[in-house]
Enquirer: 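Before we start, here is the structure in question, set down as structure tokens.
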Amino acid sequence: MEYELSVGLEVHAELNTKTKIFCGCENRFGAPPNTLVCPVCMGLPGALPVLSEAVLAQAVRMGHALHCDINRVCRLDRKQYFYPDLPKAYQISQNEIPLCSEGFLELSGDREPVRIRIERIHIEEDAGKLVHAPDGRTLVDYNRCGVPLIEIVTAPDLHAPEQVGWFLEEIRLILRCLGVSDCRMEEGSMRCDVNVSLRPVGAAALGDRCELKNIATISGAVRAAAYEAARQREILQNGGVIERETRRWDDVQNKSLPMRSKEETADYRFFPEPDLGTVVLPEEQVRTLLETLPELPADRRRRLCTQYGVSGYAAAQLTADPARAGYFEQGMAAGLCSGKELANWILGDLLAMRGLEPGEPFIEPERLAALAALTEQGKLSRTAGKTLLAALPSSGLSPGELARKMGLLQENDSAALASIAEKVLRDYPVPVADYRAGKTKALGFLVGKCMAASGGRGNPAVLRRILTEMLDG
Ligand code: ADP
Ligand code: MG
Ligand code: ZN
């Protein structure tokens, strides 16, 4: 039997607000253990949480970006469970009324567009972190307690592992574009749970699902979905049933392992957080947050294609990093070259020389555009352009001046090239005779001789034209 895969994701992103969600502690990764804590985030008796306005605003912006309804009146709830990384023994989260609900994200670009429904986005606090020391002891660092999180929950609308990857990449781009989260995977600032089920193709109801918990990378999520789909397919094909369970994804072994079954599912005993009142967002603030949203990555990709004539692929590559797209647009503002030519130089050679990374030699976008104009106009060969690019950062000269000084400019002067061509035709009578006898391949040889005679600076296209005219004429 043929099965269809359905995946729903729960994506947790740490917000990069200055302070934590319910206290004034600094929200920062990498500080010495237990130095960013206070009675509130440690859950000491009598300490009272105060909800951060910045957290609300950032979460609402993400909600707008994903076309959600913003629930101007919402609530926080206590989710009780015991674990040593949670000193209060409950997490403040949102259960019944999330801040944002019913949105969607459209995945488009070089592919068939698909719309992934967003069920909800809610705000919550992160827990601390257990550190397993080599001597077998387990230590706990509470710095992460109270770090603000948003959880983005999708409908089970993803039907292939690659779609899981596209979705997560797009979400990460949007979070970064909004400046809501850094999404540094290595710091665990974006993690996700992957819910996977199979159903016979054409069946209306979804199959029973397994949930793979706490996956830290996009590639891990893609592999987890693929692995789990294969595991379930095998069980179903052998007449078995899928146990509804929570599984752990082991990224090193590249497989999922049982964690807890449905019977053991935790009962969190949610109830409204009594220390925080109902959250009420003014309508005006919600509207302002919508109106001040920046251009989203998908819109920017589309605009780069139409405004500058770059390919969909180049637009995606440029937009993959806001700094890169900004660099491109600044270069284009100089009005010197086509978008295609500048994108080529940025995505090929500039990235290869790590030209946009901090601490590396910087080439101003206008100067790269001037270089691109030289290659586009045939004044500089591609190879000479690479030589020029390498010399640009340490030179105060304009690309044109530097190319002249380095003797890199192509010879386009027809008169000069014609005299070279005449000499080459005299010196090589055999290929000339070959060409006239119909062996057109001999032309390439003659162009090569002319190039050599010009010291590599002759424009091959111009030489080819001159030679053809002389030979055919
Ligand atoms: P829970 O409260 O048990 O975590 P939810 O209904 O809130 O379950 O769903 C959590 C996630 O699981 C959502 O992303 C949802 O799309 C996904 N999901 C629910 N049912 C299925 C299913 N049968 N197959 C795949 N994903 C599912
Ligand atoms: Mg869940
Ligand atoms: Zn604190």
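In each ligand, atom 1 is the first atom listed, and ligand 1 is the first ligand listed. Predicted model, so just to flag it, every value in this text is computed and none were measured. The figures here come from the full heavy-atom set of this structure, side chains too, leaving out hydrogens, waters and symmetry mates.
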Enquirer: Between K213 and D193, is the closest basic N to carboxylate O distance under 4.0 Å?
Expert: yes
Enquirer: Taking distance alone, with no angle check, do P156 and ligand 1 share an N/O pair under 3.5 Å?
Expert: yes
Enquirer: For a side-chain hydrogen bond (donor to acceptor under 3.5 Å, both in side chains) with D299, tell me which candidate from R302, R303, R301 qualifies.
Expert: R302
Enquirer: L9 heavy atoms, cut-off 4.0 Å: which ligand 1 atoms fall inside?
Expert: 14 (O)
Enquirer: Salt-bridge test for E228 and R231: reply yes if a basic N is under 4.0 Å from a carboxylate O, no otherwise.
Expert: yes
Enquirer: Which one of T154, D157, N195, V7 has a non-hydrogen atom at the shortest distance from atom 11 (C) of ligand 1?
Expert: N195
Enquirer: Could you see which bit of R117 sits under 4.0 Å from ligand 1, with heavy atoms only: side chain, backbone, both or neither?
Expert: neither
Enquirer: Heavy-atom distances under 4.0 Å are what count here, so tell me which part of A155 touches ligand 1: side chain, backbone, both or neither.
Expert: backbone
Enquirer: Geometry only, no angles: is D208 polar-contacting ligand 1 at N/O separations under 3.5 Å?
Expert: no
Enquirer: Tell me whether the Zn ion (ligand 3) has C145 as a neighbour, meaning an N, O or S atom of it below 2.8 Å.
Expert: no
Enquirer: Taking heavy atoms and a distance under 4.0 Å, where does D193 meet ligand 1: side chain, backbone, both or neither?
Expert: neither
Enquirer: State whether Y3 and R233 meet the cation-pi test: NZ (Lys) or CZ (Arg) under 6.0 Å from the six-membered ring centroid, and within 45° of the perpendicular axis.
Expert: no
Enquirer: Side chains of E376 and S338: donor-acceptor distance under 3.5 Å anywhere?
Expert: yes
Enquirer: If the threshold is 4.0 Å, N to carboxylate O, is there a salt bridge linking D85 and R144?
Expert: no
Enquirer: Can you tell which of R199, R209, E211, E10 gets a heavy atom nearest to atom 8 (O) of ligand 1?
Expert: R209
Enquirer: What do you reckon, does L206 have a nitrogen or oxygen under 3.5 Å from a nitrogen or oxygen of ligand 1?
Expert: no
